[in-house]
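Structure, as structure tokens:
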Amino acid sequence: MVSSLIVTLRNIFSKGIALLISVYFRASEGESFESYRINHLQAMAKKNGLPPISEAEIEYLNVHGAKVHNLQNIDVVIPRNKLVVITGISGSGKSSLAFDTIYQEGQRRFMDSLSAYARQFLGKMERPDMEKITGLSPVISIEQKTTGRSPRSTVGTVTELYDFLRLLFARAGEAYSFISGEKMVRFTEQQIIDHIFDNYEDKKIAILSPVVKGRKGHYRDLFEQIRKQGYLKVRVDGEVLDVVPKMQVDRYKIHDIETVIDRFAVREQIRARLSSAIASALTLGKGVVMVMDHETGEVASFSRNLMDPINGISYQEPSPFTFSFNSPYGYCPSCKGLGLVYDTDLDRILPDRSKSINEKAIAPMGEVKKNYSYQRLEKIVSSYGYDFDTPLKKFSKKAINYILYGKEDPTKDTEAQKGKKKEAYEGLCNTLMRCFADPPSSGLKNWAWHYLMQLPCEECQGTRLKKSSLYFKIDDKNISELCAMDIVSFRGWLEGLDKRLNKRQAIIARDILKELRARIDFLLDVGLGYLSLDRPARTLSGGESQRIRLATQIGSQLVGITYVLDEPSIGLHPRDNERLIRALQELVEAGNTVLVVEHDKDIMMAADYVIDLGPGAGVKGGQIVGQGSPKQFRGLKTLTASYLREEKEVPIPGKRREGNGGKLKVVGATGNNLKNINVEFPLGKMICVTGVSGSGKSSLINETLYPVLHTHVYKARRKPLPHKTVEGLELIDKVIEIDQSPIGRTPRSNPATYIGVFTDIRNLFTITPEAKIRGYKAGRFSFNVKGGRCEECQGGGMRVIEMNFLPDVYVQCDKCMGRRYNRETLEIRYKGKSINDVLNMSVDEAVEFFEPVPNIFKKLSTLQSVGLGYITLGQQATTLSGGEAQRVKLSSELRKKGTGKTIYILDEPTTGLHFEDIRILMEALQKLVDKGNTVIIIEHNLDVIKVADHIIDLGPEGGVGGGKIVAQGTPEKVAKSKKSLTARFLAAELKKG
């Protein structure tokens, strides 16, 4: 009914969208938003001859006949203006309901409300497969997506806090000289005149206008120009000279030149003349004027711009762009605002100096060949008395430097070369830098990149800004120093800042500080106080970026919105859950509906309403198995409810493993916020690294330990954070990081291709009788090569529509209807199934179908064992969640033969997992450890922490308050710790077991 009303209104009013907005946002004074909305809708229905709107359509969001993906034609009634949790095991249809049905329909309706002109740029959105939705208000989705991959995006820019800081410094900052450290000053014309009368009355002075400052040249043209303008004298390097025709100075010396505008004794009678001279001098000197005392020769400088009163340097008038590292007005000219620069890595260029050139001692050049580069190198080497069989360690320093950095070719001229211009040799390092900066091909750039490393920019020291921008200060802090603080410390600096500012600054900064405090408080409310504003956005986890967007939405103070969130508790320590729940409740209290796809117990119990989908995954799911208030829901006979009642649980092992006696030891880790810690990792155990958000877990494992292990095992390019050493590397022969990055970035990638089973399936189709008759080989059944694939979509099943200023959209191919292959290929059948039918099978179905084929059955069984029986073999990689992608990778590792000396590293593997899925995942990981391997897990989930053999708890707080080891040992030992914030929650969990 509501949707019918909206259509009618749109037909009646040419500006229907404006009316809809008024329905949601223009509540009359003294009338609540909700009552205004209801009364307005009823009045408009009556006015347009429509039946009265029922209470159910006003109070509830009704979804009828939803059939998206695996949803089984379900009807759902969701209370409006409540916190609603949608839960269920992985693959049960939670995201299909929340995002692919409710959110997509809201987005489609918004697009339809736009003009035809606007829609031509946006394309057409398909209507979700359902009968109807009523009671749907404007929808905003906050998903688990990284905030931005650009190296220029930071926490400050994403949250817009940096924009307010730039404005604050542009309007209230005080400038200091980067040479003398003195406070910069600026003068108006009247202030300059008053200063002259106060200090030079009855004295003879000269008004000077600087035109050259510290530059070389003869300046013949400049002097001629000054003479034509009517000026008779100039001051050159402190000496006043007459301007004469053809006047010039020594072109090879550095000069300071000022034009003498006027000379007179300062008396009241010449005030008008003085004013005219000052105006002319400021114009000619681009805002700078100098006053010279004729008797003493002393010179005072004055400027309209900010100027150092001691040495005369000046700054441009500050604007917000002055403090932007994305603008040429503010960024460091050396690194262009990135804070990092590339330089050659000599350890990679010359990895082993005991070898000779013939033994590939110069890595970028590879094997010796008969080409121009090696012929020239041979001449250079022989000119220093060496050959290609001489080990590099015997080369002189001068010879090595020349090979690397070049300049002029030291080889002697031959008779044939005499009279010819000698060609300069640029050196290998310069060649690499040139090929990287301005490559003729992508291959050459990749070749050069392999021998480069990123270093903090020496000019700006990683601050991204030019020098003058860093010398604007407020309360003795520049903008870069504030951005380097964690948000908790920054909030403390803001506290009471008004009282530390002068009167002018306080007036200017009042509204800006109010906005800064409010936005920072929202970030603190969602548990992000450990982040710093200068942290690159691409280093944020999915949960962190989602909570940043959540904080932004809370700050926007919109009402009448349906928010759809995807597991906002990801990466959050149990201690911070209460703050997140409060933030979600604030959105509800403001008059919004909040739908949360979530598995966290605390959030479920704090919700107003819980909807449970199931009972299984994939084709076995897609049904509503339970719903109600948390109290009602706990009494239901569903899998989720049984975990909430603690009838089912992830079992605690009866005995903790002793390990194999070996250990890895990280010594002196100081990266990011780590406080010079020494950490031991006992091998042959399941190790859980935990601690509050921002305590240093990722810094220790992902950025220190893993790069060291990766470099040791694979000799690959990985630069760890600062540390002294890592002991025990000889005990490891393989390291595997199983993260949540996508298994592929296009619709072509899928689980079957990733685990290698699709090759076996294609080979199986080639031995069918029909395929043999037609002469089809395995390539015929590949959707990545010509022959058997649909050429319209080139085997993707989807066509890409470029959306100009929006992300690309994938739509189903019209020719093959998403089946990827041409008609001839689809005619080949194995047990009555085409290759497309097999790709559309769920893993559970495929395991049963291919049970007689051992090599296929074994690979598929590992996918089933990690709880992925519901996904289809050909499911596009772009549709897999981070948790699903991680388990696909894990299944690939489970089927490999282990060495017993492998370290597996997982970062929050429980993301997106139901309690039952966690139980299945932990069983799979335990199998890896049972083979003698070591599994290191970064995790906050207590169901994982309690089953570990060894815990390393970092803290005690996040950011600068973290980076220390507060407890380590078995779960039972850590639970007794008085210093650990994790201990209290772990102890309660162990008691349940």
Worksheet item: Taking the six-membered ring for Trp, are the ring centroids of Y315 and F472 within less than 6.0 Å of each other?
Response: yes

Practice prompt. Apply side chain to side chain donor-acceptor pair (under 3.5 Å) to H723 and list each qualifying residue two or more places apart in sequence or on a separate chain.
Written response: none

Worksheet, complete the sentence: Between E957 and the options K964, R575, K675, the salt bridge (Lys or Arg N to Asp or Glu O under 4.0 Å) test singles out R575

Worksheet item: Taking all non-hydrogen atoms of both residues, which atom of N676 and which atom of T670 are closest, and how far apart?
Response: CA-CG2, 3.6 Å

Worksheet item: Under a 4.5 Å cut-off applied to non-hydrogen side-chain atoms, are E189 and L282 in contact?
Response: yes

Discussion item. Give me the atom names and distance for the closest heavy-atom approach of N673 to G959.
Written reply: ND2-O, 2.8 Å

Worksheet item: Pairs in or reaching into residues 206-216: which pass salt bridge (Lys or Arg N to Asp or Glu O under 4.0 Å), with residues at least two apart or in two chains?
Response: none

Worksheet item: Any Lys/Arg nitrogen of K514 or D511 sitting under 4.0 Å from an Asp/Glu carboxylate oxygen of the other?
Response: no

Discussion item. Return the OG to CG distance between S209 and L284, rounded to the nearest 0.5 Å.
Written reply: 4.0 Å

Worksheet item: So, do L954 and I965 sit near enough that their side-chain heavy atoms are less than 4.5 Å apart?
Response: yes

Response to the item:
Scanning both residues in full, the closest heavy-atom pair of P456 with V341 reads O-CG2, 4.3 Å

Fill in: Validation row: T154, P536 side chains within 4.5 angstrom (heavy atoms)
no

Worksheet item: So, for I205 and I196, which heavy atoms are closest and what is the spacing to 0.1 Å?
Response: CD1-CG2, 3.8 Å

Practice prompt. Check side chain to side chain contact (heavy atoms under 4.5 Å, CB included) between E174 and all other residues, then give those that pass, not counting sequence neighbours.
Written response: Y176, K183, N502, Q505

Discussion item. A side-chain contact here means heavy atoms from C-beta on lying under 4.5 Å apart; do C460 and L465 qualify?
Written reply: no

Fill in: Rounded distance [0.5 Å steps], CD1 in I474 versus CG in L497
7.0 Å

Worksheet item: Side chains of L161 and L523: closer than 4.5 Å at any heavy-atom pair?
Response: yes

Worksheet item: Should we count OH of Y200 as having more than 12 external heavy atoms under 6.0 Å?
Response: yes

Discussion item. Salt bridge check, R464 against E459: does any charged N sit closer than 4.0 Å to a carboxylate O?
Written reply: no

Fill in: pair R171-P320: side-chain heavy atoms closer than 4.5 Å
yes

Worksheet item: More than 12 heavy atoms of other residues, nucleotides or ligands under 6.0 Å from CD of E298: is that the case?
Response: no

Worksheet item: Taking the side chain from Q461 and the backbone from E458, do they hold a donor-acceptor pair closer than 3.5 Å?
Response: yes

Discussion item. Once you measure the plane-to-plane angle for F302 and F187, does it fall in the parallel (<30°), tilted (30-60°) or perpendicular (>60°) bin?
Written reply: perpendicular

Worksheet item: Looking only at atom types and distance, does a side-chain atom of S280 sit under 3.5 Å from a main-chain N or O of S276, one as donor and one as acceptor?
Response: yes

Worksheet item: By side chain to side chain contact (heavy atoms under 4.5 Å, CB included), which residues pair with D163, not counting sequence neighbours?
Response: E160, R166

Worksheet item: Looking at E481 and K473, does any basic side-chain N land under 4.0 Å from a carboxylate oxygen?
Response: no

Discussion item. Regarding R186 and E317, does a basic nitrogen lie under 4.0 Å from an acidic carboxylate oxygen?
Written reply: yes

Worksheet item: Between S532 and D534, is any side-chain donor less than 3.5 angstrom from a side-chain acceptor?
Response: yes

Item to complete: Check whether any side-chain N or O of N592 sits under 3.5 Å from a backbone N or O of V588 as a donor-acceptor pair, and report yes or no.
Response: no

Fill in: Inter- and intrachain pairs under salt bridge (Lys or Arg N to Asp or Glu O under 4.0 Å), touching residues 489-508, at least two apart
D475-R500, R491-E495, R491-D521, D498-R517

Worksheet item: Backbone N or O of S324 within a donor-acceptor pair of the S327 side chain at under 3.5 Å?
Response: no

Practice prompt. Find out whether L572 and R547 are in side-chain contact, i.e. whether some heavy atom of one side chain is under 4.5 Å from a heavy atom of the other.
Written response: yes

Practice prompt. Would you give the length of the straight line joining atom SG of C335 to atom CD of Q454, rounded to the nearest 0.5 angstrom?
Written response: 10.5 Å

Practice prompt. Look only at the side chain of K466 and the backbone of P328, and say whether a donor-acceptor pair between them is shorter than 3.5 Å.
Written response: no

Fill in: Heavy-atom pair with the smallest gap, counting every atom of Y706 and N702
CB-O, 3.9 Å

Fill in: Under the side chain to side chain contact (heavy atoms under 4.5 Å, CB included) test, residues paired with D308 that sit two or more places apart
S177, S180, E182, M184, I310, N311, I313

Discussion item. Has T704 got a side-chain atom pairing as donor or acceptor with S699's backbone, closer than 3.5 angstrom?
Written reply: yes

Worksheet item: If we only count heavy atoms from C-beta on, is the L306 to P318 side-chain gap below 4.5 Å?
Response: yes

Practice prompt. Check L470 against S480 and note the closest heavy-atom contact, atom names and distance.
Written response: CD2-CB, 3.7 Å

Practice prompt. Apply the test side-chain contact (heavy atoms from CB on, under 4.5 Å) to residues V139 and V564: give CA-CA distance (whole Å), side-chain angles for both, the deciding distance (0.1 Å), then the verdict.
Written response: CA-CA 7 Å; V139 184; V564 185; 3.8 Å; yes

Worksheet item: Do F164 and F169 have ring centres separated by under 6.0 Å?
Response: no

